Amino acid sequence: MMSLSSTQAKRIYSMMQFIRKTEEAIADNYSSGQMRCPTHLSIGQECVPAVLSEILTVNDLAVSTHRAHAHYLAKGGSLDAMVAEIYGKATGCSGGRGGSMHLIDESVGFMGSTAIVGNTIPIGVGLGLAKKIKSESGIAVVFLGDGAIEEGVFYESANFAALKKLPVLFVCENNLYSVYSSLKDRQPAGRKIHELAASIGLWTKQGNGNSVEEAYDVCLEAYKHVLSGLGAAFIELDTYRWREHCGPNYDNDIGYRSVAEYEQHRANDPIATFETQLIENKIISQVDCSDVVDEINHKVAQAFEKAKAAPFPDERSSYQHVYAQESV
Ligand SMILES: Cc1ncc(C[n+]2csc(CCOP(=O)(O)OP(=O)(O)O)c2C)c(N)n1
Ligand SMILES: [Mg+2]
């Protein structure tokens with residue numbers, strides 16, 4: 001089956017389920033009011049991060065956006081530290097100060113995510129530049145959405161990465177929306193994001209970001225291109241967010257997208273599609289799938305228990321890690 005071994009296929013399936021079950025647990029627990037930060041869920045968009053988890057190594061670095069849980073987990077970021085961060089606890093990956101949008105786990109090369117759209121794009125390019133200057137192995141991955149293409153900093157960063165042939169891979173998850181604005185209301189009709197990136201001088205490829213098979217091939221080809229020193233690359237992968245832009249609920253009733261459109265994309269569930277494929281090819285059984293999910297749910301439940309029981313940061317530490325402060 002495809003270019004993946006059975007072991008790789010199983011790992012990608014498990015990663016997709018891991019991301020979804022973690023985010024479903026966030027959604028289920030959110031209404032209790034203990035998570036005091038906004039959360040942007042990637043439910044429905046698990047395929048691209050999961051596929052990249054199979055390709056990237058510890059030598060590779062990654063930065064992400066406001067919708068960062070999936071990227072952080074796929075890079076190997078600590079689940080316990082992420083859940084604790086969302087609960088604002090001292091054991092969180094940003095010490096409880098950042099919340100859902102400020103994830104970091106340097107031990108696995110996940111170098112950060114921020115709330116400002118486009119903000120991490122130049123950071124990722126800088127990480128690539130540093131790798132090149134120091135002749136370090138590995139690449140820098142910049143996760144970005146279709147909305148980030150509308151930020152000026154994307155053009156400066158992409159130009160520099162292309163010009164200097166930096167080991168940078170831009171991974172654009174095109175989910176058709178920036179908050180409540182459809183792509184067709186924001187970018188000229190007929191202009192393709194990957195073609196725009198190609199015109200800047202980046203090596204590009206586009207694919208179905210809900211198909212493991214296709215996304216894997218696109219990501220692997222781009223990864224090999226960048227790793228071999230041929231220069232920066234940009235891949236555009238089509239996907240769709242199921243839940244509201246920010247928060248645990250569904251928002252198909254508020255009118256910015258139709259229920260029919262949602263249902264159509266909902267039917268392309270990357271996990272269900274891949275699961276069926278794996279079962280049909282006898283790579284995994286239905287029982288194996290249930291076992292994988294049970295094990296993940298157990299691990300996720302434990303992370304939530306630990307996060308809820310953890311202490312809040314010491315109040316006196318609130319002046320640490322700030323740019324400016326009054327003398328006290
Ligand atoms: C500079 C800046 N402008 C606007 C916002 C408000 N904002 C937060 S998320 C978002 C949507 C970005 O869309 P996209 O990059 O496609 O990511 P998606 O939410 O679809 O994953 C916007 C406009 C922001 N956080 N920062
Ligand atoms: Mg988007």
Side-chain angles (χ1 to χ4, degrees), residues 16 19-20 22-23 26-27 37-52 62-75 86 94 98-103 110 112-125 141-158 169-188 191-194 196-197 206-210 215 234-252 254 256-258 261-262 264-266 268 270:
M16 288 200 293
I19 294 166
R20 180 163 301 178
T22 302
E23 292 209 315
I26 293 169
C37 60
T39 52
H40 303 76
L41 303 180
S42 291
I43 295 174
Q45 303 190 186
E46 298 89 349
C47 169
V48 173
V51 155
L52 279 162
V63 289
S64 175
T65 69
H66 54 287
R67 199 177 303 286
H69 304 161
H71 307 142
Y72 168 97
L73 293 175
K75 193 68 184 71
I86 298 173
S94 291
S100 157
M101 293 186 280
H102 299 95
L103 303 181
F110 188 86
S113 65
T114 65
I116 310 298
V117 173
N119 203 18
T120 48
I121 299 174
I123 307 288
V125 170
V141 175
V142 178
F143 286 102
L144 70 165
D146 48 295
I149 303 299
E150 291 141 30
E151 296 291 346
V153 74
F154 168 71
Y155 298 88
E156 301 170 42
S157 308
L169 173 59
F170 298 94
V171 178
C172 178
E173 287 167 294
N174 183 352
N175 63 7
L176 299 176
Y177 288 92
S178 172
V179 191
Y180 305 136
S181 302
S182 164
L183 196 58
K184 62 180 183 321
D185 296 323
R186 301 173 359 241
Q187 298 186 21
R191 194 183 73 189
K192 303 267 187 260
I193 291 175
H194 65 280
L196 179 69
Q206 186 269 345
N208 177 354
N210 278 6
F234 180 104
I235 51 177
E236 178 187 357
L237 293 144
D238 296 332
T239 184
Y240 199 78
R241 129 177 92 70
W242 291 5
R243 307 233 178 176
E244 58 190 336
H245 163 67
C246 178
N249 303 311
Y250 293 89
D251 65 357
N252 299 319
I254 65 174
Y256 74 97
R257 62 185 190 184
S258 68
E261 180 191 289
Y262 164 78
Q264 188 200 330
H265 286 280
R266 179 71 181 73
N268 284 330

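Residues take their numbers from the sequence shown, with the count starting at 1. The structure presented is a predicted model; accordingly, all values stated were derived computationally and were not measured. Whatever order the structure lists them in is the order used to number ligands and atoms, beginning at 1.
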| field | Whether Tyr180 and Tyr256 hold their rings parallel, tilted or perpendicular, with breakpoints at 30° and 60° | value | tilted
| message | Closer than 3.5 angstrom, by distance alone: can the side chain of Ser94 be matched with the main-chain N or O of His102 as a donor-acceptor pair? | response | yes
| query | For the side chain of Asn119 and the backbone of Thr114, is there at least one donor-acceptor N/O pair under 3.5 Å apart? | reply | no
| field | side chain to side chain contact (heavy atoms under 4.5 Å, CB included), paired with Arg241, selected from His265, Arg257, His40 | value | Arg257
| Asn208 backbone acceptor or donor facing Asp238 side chain under 3.5 Å | no
| request: To the nearest 0.5 Å, tell me how far Ser113 OG sits from His71 NE2. | output: 10.0 Å
| Under 3.5 Å, side chain of Thr120 to main-chain N/O of Ser64, donor-acceptor pair present? | yes
| Atoms of type N/O/S from protein, distance to the Mg ion (ligand 2) below 2.8 Å | 3
| message | Using a 3.5 Å distance criterion without hydrogens, assess whether the side chain of Glu23 forms a donor-acceptor pair with backbone atoms of Ser42. | response | yes
| query | Hey, does the side chain of Arg186 reach the backbone of Ser181 with a donor-acceptor pair shorter than 3.5 angstrom? | reply | yes
| said: Given a heavy-atom cut-off of 4.0 Å, could you list the residues near ligand 1 in chain and number order? | reply: His66, Arg67, Ala115, Ile116, Val117, Gly145, Asp146, Gly147, Ala148, Glu151, Asn175, Tyr177, Ser178, Val179, His245
